[in-house]
Each structure stands twice: as C-alpha cells, then as structure tokens.
Amino acid sequence: MTTKLTRLTTEMVPALDSLLTMKIQHDVPDETLQSAMAYSVMAGGKRLRPLLLLATVQTFLPGQIPQSLQAAAAIELVHTYSLIHDDLPAMDNDDLRRGKPTNHVKFGEAQAILAGDGLLTLAFQWLSDCQLAAEVKVALVHELALGAGPAKMVAGQSEDIAGEARQLTLPQLQALHEKKTGALIKASILMGADIAGVQDYRRAALTKYAVNLGLAFQIRDDILDVTSTAEELGKPVHQDEAAHKNTYPGLLGLAGAKDSFNKAIAATRLALDPLVASTDITLFEDFADYLEK
Ligand code: GRG
C-alpha cells in the first residue's frame, strides 16, 4: 500500500540527497575532508530525522516545504556526525555501518574525527543561512543545539559509555535513551513545528508524540540488535551484549522488551489524540506504523 509517508519519502529523499551532495561539495573546499564527510552522509541512511521535520511542515504549513529542506538536511549532518563518532575505536569501535566500512576504517581515525567535527559545525552554518525568517532560524539553532548538545545527545552517549560498567534500572535506561536517541528525534519534529508556527496544545501534543516515538525507535533498535542478522541491519549485531550495554532486552528479556515497545507505540498514537479534530495526522501515524513493521 502506498502511504502518505511513502509518497513524502519518494519525493523528499532525492531532493535531500542532491542538496546534501551539492552543498557539501560547495562548502567543504578541502578534498580529503569533503570525501570523508560526503562518504558517511551519502552512505544510504533512511533520512528518518529530516523526514520527521518535513512531515511536520507538510502537515501544518506545506507551502514552507521548499524553504525547509536545508534545515532538514542540517539535522542529517548532525545525525551522521554522531554515528561517525559513535563508531570510533574510542567509543563503540565498529567496522561496519549502513553495510559499508565505517568512516575511520575508510579514512583513518583522525580524518573521521574531523569529518564529524565538520558535519556538526556545518549543520549550524546551514541553519543560519537557510531561506527562513531570522526568528525562525534562531529557534531552529536553539532546538538543534539543545537536542544534540551536552544536556541531551552528548550526555546520553556519555552516560551510555559510563553505564557499560554497571546495571541501570529501567527508569535510568529510559532516561538514557531519551537523551542519546530520543532528543534528536524530538528536535526534528519541534524544528518542523518552529517552521510551521505550531504552538500551544498542538506543540504539546507533538512533543509527547516525539518523546514516545523516540523511545519506541530505540527499543526497536535494541530488539533488532538481538533478533537480526548483520546483513539485514548493515552493521554488526549482538554488539550490545558483547559491550555489556544496558538495553531493553538485556534488562527485561526479549518478550519484556517487545511489550515495552508496544506500550511506547500505543503512547505515541495516544499523543496524537488532541490533534485529530483539527489536523490530518496521517503522516504521524505512518511513522508509528513504519516502526511496527
Ligand atoms: C557520538 C555524541 C555522540 C553521540 C552518538 C546516535 C548515537 C549517539 C549513537 C548511536 C548508537 C545507536 C546505534 C543508537 C541506536 C539508534 C540509532 C541512532 C540508530 C541509527 O539511526 P538510523 O536507524 O540510521 O536512523 P540511518 O543509517 O538510517 O541513518
């Protein structure tokens, strides 16, 4: 079945990909750095976070989609930086990502660190020079810095690494996931809301939706690490257990993790209730359906 999200993806991913390719080429004059940055950005990611921003704009103010593409692409830069650094020998020490050698395997550790640094900084350059009103750009910079920065994603990564040595409780694990993975997902949706001028009860509903979607996403990732093959995921599996990571299946068993996933998905859908009377929520429902497949 062709869903609204499939149509948005078919239309937007090629546009995002060509913007990412062209602007990295234009904005990164050093050839080695440009290759290392482009390698991971163009390695076949699903573009989930940019699509969340664009789906939010499409739902509330579709006329702003063309001006939103660069902001959506900026989120993918931050996401890609986080994956490059996460894969480094000093962090998860992974050799495979998206079915390809990781950045440091291909370009060496120093260039991989710099590629990540370059992507993180370039994201904010793109937000500051995109075609949106100045006050919207400030809101976007703030939202992305909050979600990706030292109070959220970086803190989550730090806690994840520190937590390898000890068993977290379920609330501690949920808080860690909310920072490490959830915060960027939430920022993506709220940045869409900033562009579309979504406020009050609608922004509150979107925030609740985003938090629960992010949680469902991470629990699903934990489950897939246990149940999938490396070919299916394009990255090594059973890594979490080997690294003594705190995960949902590790803490609750596979059945318990699946139960938590189902609860997070139910909460994701419930969060949309206040919007139903005024808004076509199909795109948001499609993301929940996608995670459930
Ligand atoms: C290094 C500061 C810093 C942060 C890293 C995101 C992150 C924090 C670590 C990644 C660990 C991980 C694999 C978490 C699982 C959730 C996740 C981010 C999966 C990858 O995202 P997808 O599925 O990937 O959207 P694609 O390849 O489609 O972009």
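All values reported here derive from a predicted model rather than from experimental measurement. Order of listing sets the numbers, starting from 1, for every ligand and every atom in it.
- Protein heavy atom in closest approach to atom 13 (C) of ligand 1: Lys235 NZ, 3.7 Å.
- The shortest contact between atom 2 (C) of ligand 1 and any protein heavy atom is with Tyr81 OH, 3.4 Å.
- Across Arg47, Lys152, Met153, Arg49, heavy-atom proximity to atom 25 (O) of ligand 1 is greatest for Arg49.
- Ranking protein heavy atoms by distance to atom 6 (C) of ligand 1, first place goes to Ser82 OG, 3.4 Å.
- Hydrophobic clustering places Val57 together with Leu51 (ILVMFWY residues linked when any side-chain heavy atoms are closer than 4.5 Å, directly or through intermediates).
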Kindly indicate, with the supporting measurements, whether the criterion salt bridge (charged side-chain N to carboxylate O under 4.0 Å, His left out) is fulfilled by Lys293 and Asp289. CA-CA 6 Å; Lys293 273 190 205 139; Asp289 292 346; over 6 Å; no
Evaluate the criterion salt bridge (charged side-chain N to carboxylate O under 4.0 Å, His left out) for residue pair Glu292 and Arg269; output intermediate values, then yes/no. CA-CA 12 Å; Glu292 271 190 313; Arg269 295 188 194 284; 2.5 Å; yes
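- Atom 11 (C) of ligand 1 has its closest protein heavy atom at Asp86 OD2, 3.4 Å.
- Heavy-atom proximity to atom 29 (O) of ligand 1, evaluated over Lys46, Glu76, Gln157, Arg98, is greatest for Arg98.
- Counting atoms of ligand 1 from 1 in the listed order, those under 4.0 Å from a heavy atom of Gly45 are 26 (P), 27 (O), 28 (O), 29 (O).
- Without hydrogens or angle criteria, Thr59 side chain to Ala55 main chain gives a donor-acceptor distance under 3.5 Å.
- Using the six-membered ring where Trp is involved, His177 and Tyr248 have ring planes that are parallel, under 30° apart on the 30 and 60° scheme.
- Of all protein heavy atoms, the one closest to atom 15 (C) of ligand 1 is Asp221 OD2, 3.1 Å.
- Remark: minimum distance from atom 20 (C) of ligand 1 to any protein heavy atom is reached at His79 CE1, 4.0 Å.
- Among all non-hydrogen protein atoms, the one lying nearest atom 17 (C) of ligand 1 is Phe217 CE2, 3.8 Å.
- Taking every non-hydrogen atom of Gln218 and a distance limit under 4.0 Å, the qualifying atoms of ligand 1 come out as 14 (C), 15 (C), 16 (C).
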Please report the C-alpha distance between Leu16 and Glu76 in whole Å, then the side-chain angles of each, then the deciding distance to 0.1 Å, and finally whether the side-chain contact (heavy atoms from CB on, under 4.5 Å) criterion is met. CA-CA 9 Å; Leu16 281 165; Glu76 190 68 8; over 6 Å; no
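- Counting protein heavy atoms only, atom 12 (C) of ligand 1 is closest to Lys180 NZ, 4.3 Å.
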Report the C-alpha separation of Lys4 and Glu11 in whole Å, then their side-chain angles, then the decisive distance to 0.1 Å, and conclude whether the salt bridge (charged side-chain N to carboxylate O under 4.0 Å, His left out) test is met. CA-CA 11 Å; Lys4 229 175 160 170; Glu11 218 176 296; over 6 Å; no
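- Residue Thr181 touches ligand 1 through its side chain alone, judged by heavy-atom distances below 4.0 Å.
- Residue His85 places no N or O, backbone or side chain, under 3.5 Å from any N or O of ligand 1.
- Here the closest heavy-atom approach between residue Asn93 and residue His104 is recorded as OD1-NE2, 4.4 Å.
- With Tyr290 as the aromatic partner, Arg220 meets the cation-pi criteria of under 6.0 angstrom to the ring centre and within 45 degrees of the ring axis.
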